[in-house]
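Counting convention: from 1, in listed order, for ligands and their atoms alike. This chain uses plain numbering: 1 for the first residue, then up along the sequence. Predicted model, so just to flag it, every value in this text is computed and none were measured.
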Amino acid sequence: MRIAIVGLGLIGGSLALKLTEKGYPVWGISRNPATCKQALERGAVQGCGTELALLARFDPQMVLICTPLEQVLATLAALLPYLSAETVVSDVGSVKQPIVAPATELWPWFVGGHPMAGKSLQGIQAAEADLFRGRPYVLTPIAETQPQALDAMKELVVAIGAEAVLTDPARHDRAVAWISHLPVMVSASLIAAVSQEEDPAILELARTLASSGFRDTSRVGGGIPQLGLEMARHNRQALLTALSSYQAQLRQIERLIDGEKWDELLRVLQRTQQEWQQFPVNHPREILHNLGGGNGQ
Ligand code: NAP
């Protein structure tokens, strides 16, 4: 399978590195010649250029659009003249509803994708071949999705060592609002709240004492601002619902502390300790394939 990757940033570059390592012929398209040079030097791609027209020469069987979310549909539209009849196209955007239906209308061989892996650095210099190993990779087929396109994407997910999880775009967006988009806003609020400490000496001491607990809870809030903005703009409703529920939980805990209801607070913390165990990321176990929804494939 000849694979083209448009946008050689963290995600696109990591996919390119892994797919090349697995023996696929991979070409890249970057807006920036310096990125192409770096991708070639790192052995991530066999060919690279700044023009989509390059694809006419490479004739890929699969194109992965790894640009920011805002550019996915425009990139797909610009790609259309260079696609062969059954070229599979996918994206990696963190929100699926605004993308999947319009993209499938443009190109029925489109399959929405979202690798659940990342880090707080951008660009090809941060790319790593094993970024996706063991991580869930969501595929969001809809009724109009070509089944062979979905099969090709499942093959890709296996090739990069990730675990395919199938669901529909709406369910995906609701789920990631809870476990990805809400944590970014909560974590950002935590950093903002701590930074408001009025006594500079206390703030300095707090920074000095901050250890693994603060690192774990603040990491995603200290990440790339554009990614947080992308999540909020494009998954606004699901994120607002999650934020509202979160605020209610926080208010409940505040009431218990204010009222010195220690037994009740202990019960809340015992329940959250139990609930925490239910997240496979904390206790890796086999990821459930096909969590419902999608087109049943
Ligand atoms: P990134 O490192 O900034 O890479 C994005 C790449 O897209 C850039 O390197 C650039 O590639 C290209 N690009 C940027 N602006 C563009 C524009 N206006 N038009 C066309 N291309 C443009 O970001 P990333 O983390 O890889 O994110 C890319 C996508 O992955 C996003 O849709 C995001 O939702 C998704 N995602 C990110 C993470 C994460 O944690 N980072 C996780 C899962 C999914 P060139 O310079 O080569 O053109």
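Annotation for Ile191 and Gly221: closest pair CD1-C, 3.6 Å, computed over non-hydrogen atoms. Of all the heavy atoms in Lys18 and Ala129, the pair that sits closest is CD-O, 3.1 Å. Between Leu139 and Ala164 the shortest heavy-atom distance is CD1-CB, 4.5 Å.
Here Arg207 pairs with Glu204 in a salt bridge; the nearest charged N to carboxylate O distance falls below 4.0 Å. The existence of a salt bridge linking Arg171 and Asp168 is confirmed by a sub-4.0 Å separation between a basic side-chain nitrogen and an acidic carboxylate oxygen.
Residue Glu105 places its CD atom among 12 or fewer non-hydrogen atoms of other residues, nucleotides or ligands, all under 6.0 Å distant.
Residue Pro68 holds the heavy atom nearest to atom 12 (C) of ligand 1 of all those in Gly9, Ser14, Pro68. Comparing Gly223, Gly118, Ala117, Ser94 by heavy-atom distance to atom 42 (C) of ligand 1, the nearest is Ala117. Between atom 37 (C) of ligand 1 and the options Ile65, Ile11, Thr67, the minimum heavy-atom separation is to Ile11. Compare Gly123, Cys66, Gly13, Cys48 by their heavy atoms: the one nearest to atom 28 (C) of ligand 1 is in Cys66. Here atom 22 (C) of ligand 1 lies nearest to Arg31 when heavy atoms of Arg31, Met231, Gln71, Gln122 are compared.
When only modelled atom types and interatomic distance are considered, His172 and Gln97 share no side-chain donor-acceptor pair under 3.5 Å. Under the 3.5 Å distance criterion, with hydrogens and angles disregarded, a donor-acceptor pair is assigned to the side chains of Asp59 and Ser84.
Atom numbering of ligand 1 starts at 1 in the shown order; those under 4.0 Å from a heavy atom of Glu230 are 31 (C), 32 (O), 33 (C), 34 (O). Of all atoms in ligand 1, numbered sequentially from 1 with element shown, those under 4.0 Å from a heavy atom of His114 are 43 (C), 44 (C). Residue Leu10 approaches ligand 1 through these ligand atoms, each under 4.0 Å from one of its heavy atoms: 1 (P), 2 (O), 4 (O), 25 (O), 26 (O), 41 (N). If you number the atoms of ligand 1 from 1 as listed, the ones under 4.0 Å from a heavy atom of Gly7 come out as 11 (O), 47 (O). Distances below 4.0 Å separate heavy atoms of Gly93 from the following atoms of ligand 1: 32 (O), 34 (O). Listed by number with element, the atoms of ligand 1 under 4.0 angstrom from any heavy atom of Leu69 are 32 (O).
Ranking protein heavy atoms by distance to atom 30 (O) of ligand 1, first place goes to Val92 CG2, 3.4 Å. Nearest non-hydrogen protein atom to atom 43 (C) of ligand 1 is Pro115 O, 3.2 Å. Scanning all protein heavy atoms for the shortest distance to atom 47 (O) of ligand 1 gives Ser30 OG, 2.5 Å.
Side-chain contact check for Met116 versus Phe132: every heavy-atom pair is 4.5 Å or farther apart.
When atom types are taken as modelled, the side chain of Ser187 and the backbone of Ser218 share a donor-acceptor pair closer than 3.5 angstrom.
Of the N or O atoms in Leu227, none lie within a sub-3.5 Å distance of an N or O in ligand 1.
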